[in-house]
Amino acid sequence: MLSAYSISASEYHMLAVLEVCDESTSSPGVLAELVGQTKANTTRILDLLLSKKLIKKKKNIVDGRRHDITITKTGRDCVKLCTNNTIGPDTKSMMAGFSPSQLKNLECLLSQLILVLDDRSRAGNFGS
């Protein structure tokens with residue numbers, strides 16, 4: 001399923017994380033932390049995604065030394081296609097009982113949970 005966009009699992013992971021970031025924008029340093037990659041490897045992955053037009057890169061307006069990475073519509077389509085193809089029929093049928101607003105609430109709650117767990121993990125008190 002990733003071959004339709006000629007991307008690796010690491011590239012997909014980066015896109016998926018970027019998709020759920022506030023305003024679908026983040027910095028390379030934050031993305032490196034979120035996906036568990038080195039900054040050098042993150043730069044390589046971002047360069048590949050940029051060449052495939054799945055992301056855009058621009059200088060940060062507040063700090064010209066930094067860059068903002070934003071997912072493109074093509075990148076969103078890639079994440080959606082790959083994600084939909086990985087969710088099995090059983091999962092789709094389980095979710096069929098939820099209304100669109102309930103699914104949106106569930107998505108928000110899960111996103112918040114991921115952020116809280118990530119913050120705890122970085123702070124070293126994951127078991128607390």
Side-chain angles (χ1 to χ4, degrees):
M1 82 193 114
L2 297 177
S3 63
Y5 285 91
S6 300
I7 64 169
S8 68
S10 295
E11 291 170 280
Y12 168 74
H13 188 200
M14 187 80 64
L15 282 176
V17 167
L18 190 54
E19 172 70 6
V20 298
C21 287
D22 290 338
E23 299 178 21
S24 297
T25 300
S26 190
S27 69
V30 170
L31 286 170
E33 280 188 40
L34 291 174
V35 298
Q37 296 281 352
T38 63
K39 289 183 181 182
N41 203 36
T42 298
T43 299
R44 184 187 62 77
I45 293 168
L46 292 174
D47 286 344
L48 289 168
L49 294 172
L50 192 60
S51 71
K52 296 171 187 175
K53 300 188 184 336
L54 298 173
I55 61 168
K56 292 186 286 186
K57 179 179 174 181
K58 66 178 182 177
K59 284 195 176 188
N60 183 287
I61 57 174
V62 175
D63 183 350
R65 297 169 296 171
R66 296 183 54 173
H67 286 90
D68 292 326
I69 307 298
T70 307
I71 192 167
T72 64
K73 181 179 179 335
T74 305
R76 288 181 198 283
D77 292 345
C78 174
V79 170
K80 185 176 181 180
L81 173 74
C82 294
T83 303
N84 286 342
N85 286 337
T86 59
I87 296 175
D90 291 339
T91 306
K92 285 183 181 179
S93 66
M94 285 188 320
M95 299 308 235
F98 291 97
S99 71
S101 68
Q102 288 173 320
L103 288 172
K104 187 64 179 169
N105 287 338
L106 178 60
E107 179 184 350
C108 289
L109 289 170
L110 291 173
S111 294
Q112 289 175 340
L113 178 61
I114 289 168
L115 292 173
V116 167
L117 291 174
D118 187 55
D119 287 345
R120 280 189 170 184
S121 175
R122 273 192 251 129
N125 53 353
F126 187 68
S128 302

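The line from CG of L81 to OH of Y12 is 9.5 Å long, rounded to the nearest 0.5 Å. If you take CD on E11 and OG on S6, they are separated by 9.0 Å, rounding to the nearest 0.5 Å. Distance check, rounded to the nearest 0.5 Å: CD1 of I7 to CG of L15 gives 5.5 Å. Once rounded to the nearest 0.5 Å, the distance linking CD of E33 with OG1 of T42 reads 10.0 Å. Atoms NZ and CG, from K73 and D77 in turn, are 3.5 Å apart once rounded to the nearest 0.5 Å.
Side-chain N/O atoms of S10 and S8 include no donor and acceptor closer than 3.5 Å.
A salt bridge does not link E19 to K80: none of the charged side-chain nitrogens sits closer than 4.0 Å to a carboxylate oxygen.
Annotation for L50 and K56: closest pair CD1-CA, 4.1 Å, computed over non-hydrogen atoms. Nearest heavy-atom pair, D68 versus K59, reported as atom, atom and distance to 0.1 Å: OD2-O, 4.4 Å. Taking every heavy atom of both residues into account, N60 and D63 meet most closely at OD1-N, 2.9 Å. The minimum heavy-atom distance between P28 and H67, with the atom names listed, is CD-O, 3.4 Å.
A side-chain donor-acceptor contact under 3.5 Å links T72 to the backbone of L54. Remark: side-chain polar atoms of K39 are not paired, donor with acceptor, to backbone N or O of A32 under 3.5 angstrom.
For L109, the CG atom is densely surrounded, since the number of other residues' heavy atoms within 6.0 Å is greater than 12.
Residues T25 and I69 have side chains not in contact (no heavy-atom distance under 4.5 Å, counting atoms from C-beta outward).
A single hydrophobic cluster is not seen to contain both L48 and L34; linkage of ILVMFWY side chains at heavy-atom distances under 4.5 Å, directly or through other members, places them apart. V20 and L31 fall into different hydrophobic clusters, where Ile, Leu, Val, Met, Phe, Trp and Tyr are joined by side-chain heavy atoms under 4.5 Å apart, directly or via other members. Hydrophobic clustering of Ile, Leu, Val, Met, Phe, Trp and Tyr side chains at less than 4.5 Å, counting indirect connections, unites V35 with I71.
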Please assess T70 against I55 for the test side-chain contact (heavy atoms from CB on, under 4.5 Å), listing each intermediate value before the final yes or no. CA-CA 5 Å; T70 307; I55 61 168; over 6 Å; no
